[in-house]
2 protein chains.
Amino acid sequence: MVNKKCIIRLSRYKSALQRLKALGFVKVFSGNLADAAGVTSSQVRKDFSLFGITGNRRGGYSVDELIAKILEILGKNELQRVVLVGAGNIGTALMRYKGFESGGIKIVAAFDIDPEKINRRSELPVLPLEEFADFVKQNSVRVGILAVPDIAAHHVSELMIRSGIMGILNFAPIQLRGADKVIINNINLEVELENLIYFVNAMQKTGQIE
Amino acid sequence: MVNKKCIIRLSRYKSALQRLKALGFVKVFSGNLADAAGVTSSQVRKDFSLFGITGNRRGGYSVDELIAKILEILGKNELQRVVLVGAGNIGTALMRYKGFESGGIKIVAAFDIDPEKINRRSELPVLPLEEFADFVKQNSVRVGILAVPDIAAHHVSELMIRSGIMGILNFAPIQLRGADKVIINNINLEVELENLIYFVNAMQKTGQIE
DNA sequence: GAGTATTTGATATTTTTTTCACAACAATTT
DNA sequence: AAATTGTTGTGAAAAAAATATCAAATACTC
């Protein structure tokens, strides 16, 4: 009933609303939000109705209320703690990425097998992979980012699931298949680029797309 | 008719086939591929029929032929040159990422406004942003990766489009709206994590999902 | 405070995507 | 060589998602 695309739109509405709020808006109509998020106003209202979000007929929606409700739905009222496995290229970039904290998401620890990468004293400690299960259990972390080379990805994903992780954001270039009751979102850079290249080629051939 | 999801599946079939080939498989049935890619066999055959890919009734498909045809469709017969803007956290990680080259994609140059980041002598040169338009035109690059902070993203995307870039892979945490005849794929890490968190929460509440 | 204009919310319609079902066909067996 | 088995390819059916429609509601005007 509530599918992935719908939640992604909610995230987008949230960002748009926060922008609108920063600009001083107090009320918003479904049409405004739709424009800001690149969808139709019907879509916005449909999505809202799915979560029981209501506005005032003719009066639109209160920006503050909307933001509050969406944050609630997305579970952003409390800080979400996330762990990271793989302190390589992408892992390190994610560790340094500042954008998460403002959004209520915090990488609380990273893990790697390479002893050289271990650093317990850092604000964001890098710990040996052997400590992963204990850490996750003790801190009841439920979401993990997987940024290890493809050869290790399957093995690490199993460790994560075994340790109690229920959601994995996978950057390894293999399609991880979710076990039961585990959500896996794959981000595959090569696939994204291939996609782009296909449509660019197609557009160049036909002069038009879609 | 041919939509984004379909091309993403093609990419997945390609990976699965390359794996199967490495394992020594010569023939494959739609069901095998479906399993490997996590879809139904109908889906596989439908996708193939869209691109005029045919097999032998009862004989399945030749792995080599399939790979060749998919590579052809995805435009992977020639090396695809890509540029990158933003040599920060994520940009640098992408520059170092080795996975692309094996897949026929090569980042040929990166660009940044920070003079400290400029490095013309590197194998993957980092050039000042002012040179972007010229470089893209002279090298007829059509795909670019955008990895700059959100404040700069809009401005840079316009520069890219003005310079002739037709496909943008956007890592900035804002939803870039595609101009006409420009494809934009957005990768928003926060949105991905929010998504994961929502479903993990939902699962924990209900004990089941989907 | 009646009348008007405008927006929501719910339902209906359309479009898109996926799955089903099965005829046509090609290996394999008898 | 006939029968059988198993797989493709495709058109039809079903499911899912997006969009359009419009009565009900409510803010605003005069």
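Lettering follows sequence order; numbering is per chain, from 1.
In this structure, CD1 of A:I7 is placed 15 Å from C1' of D:dA17, rounded to the nearest angstrom. Between B:L50 atom CG and D:dT8 atom P the separation is 17 Å, expressed in whole Å. Taking atom NZ of residue A:K5 and atom P of nucleotide D:dT19, one finds them 9 Å apart after rounding to whole Å. With rounding to whole Å, B:I8 atom CD1 is found 16 Å from C:dT18 atom C1'. Nucleotide D:dG6 holds its C1' atom 8 Å from the CZ atom of B:F29, rounded to whole Å. For the pair B:Y61 OH and C:dA26 P, the computed distance is 14 Å after rounding to whole Å. Put simply, NZ on A:K46 is 11 Å from C1' on D:dA16, counting in whole angstrom units. A straight line from CZ of B:F51 to C1' of D:dT8 spans 18 Å, rounded to a whole angstrom.
Surrounding CG of A:L71 are more than 12 heavy atoms belonging to other residues, nucleotides or ligands, all under 6.0 Å away. Dense packing is recorded around NZ of B:K117, with more than 12 heavy atoms of other residues, nucleotides or ligands lying under 6.0 Å away. For A:E72, the CD atom is loosely surrounded, since the number of other residues' heavy atoms within 6.0 Å does not exceed 12.
When heavy atoms are screened at a 4.0 angstrom cut-off, A:S41 is found touching no nucleic acid atom at all. Within 4.0 Å of A:F48, counting heavy atoms only, lies no atom of the nucleic acid at all.
The line from NZ of A:K137 to CD1 of A:I165 is 10.5 Å long, rounded to the nearest 0.5 Å. Distance check: A:I53 CD1 to A:L10 CG gives 6.0 Å after rounding to the nearest 0.5 Å. From B:I105, atom CD1 reaches atom CD1 of A:I197 across 4.0 Å, with rounding to the nearest 0.5 Å. The CG atom of B:N188 lies 10.0 Å from the CG atom of B:D150; values are rounded to the nearest 0.5 Å.
For the OP1/OP2 pair of C:dT19 and a distance below 4.0 Å, the side-chain nitrogens and oxygens of B:T40 include at least one atom meeting the criterion. Look at A:Q43 and you won't find any side-chain N or O under 4.0 angstrom from OP1 or OP2 of D:dA17. Considering only side-chain N and O atoms, B:S42 lies nowhere under 4.0 angstrom from the phosphate OP1 or OP2 of C:dC20.
Under a 3.5 Å cut-off, the side chain of B:R142 and the backbone N or O of A:V200 do not form any donor-acceptor pair.
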Note to self: Counting primed atoms plus P, OP1 and OP2 as sugar-phosphate and everything else as base, spell out the protein contacts along nucleotides 22-30 of chain D at 4.0 Å heavy-atom distance: B, S or - for each nucleotide, 5' to 3'.
What the structure shows: -BBBBB---
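Within residues 13-23 of chain B, no residue has any heavy atom under 4.0 Å from DNA chain C.
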Next item on the list: Tell me, with the steps shown, if B:N185 and B:I183 meet side chain to side chain contact (heavy atoms under 4.5 Å, CB included).
Entry: CA-CA 7 Å; B:N185 282 4; B:I183 315 286; 4.1 Å; yes
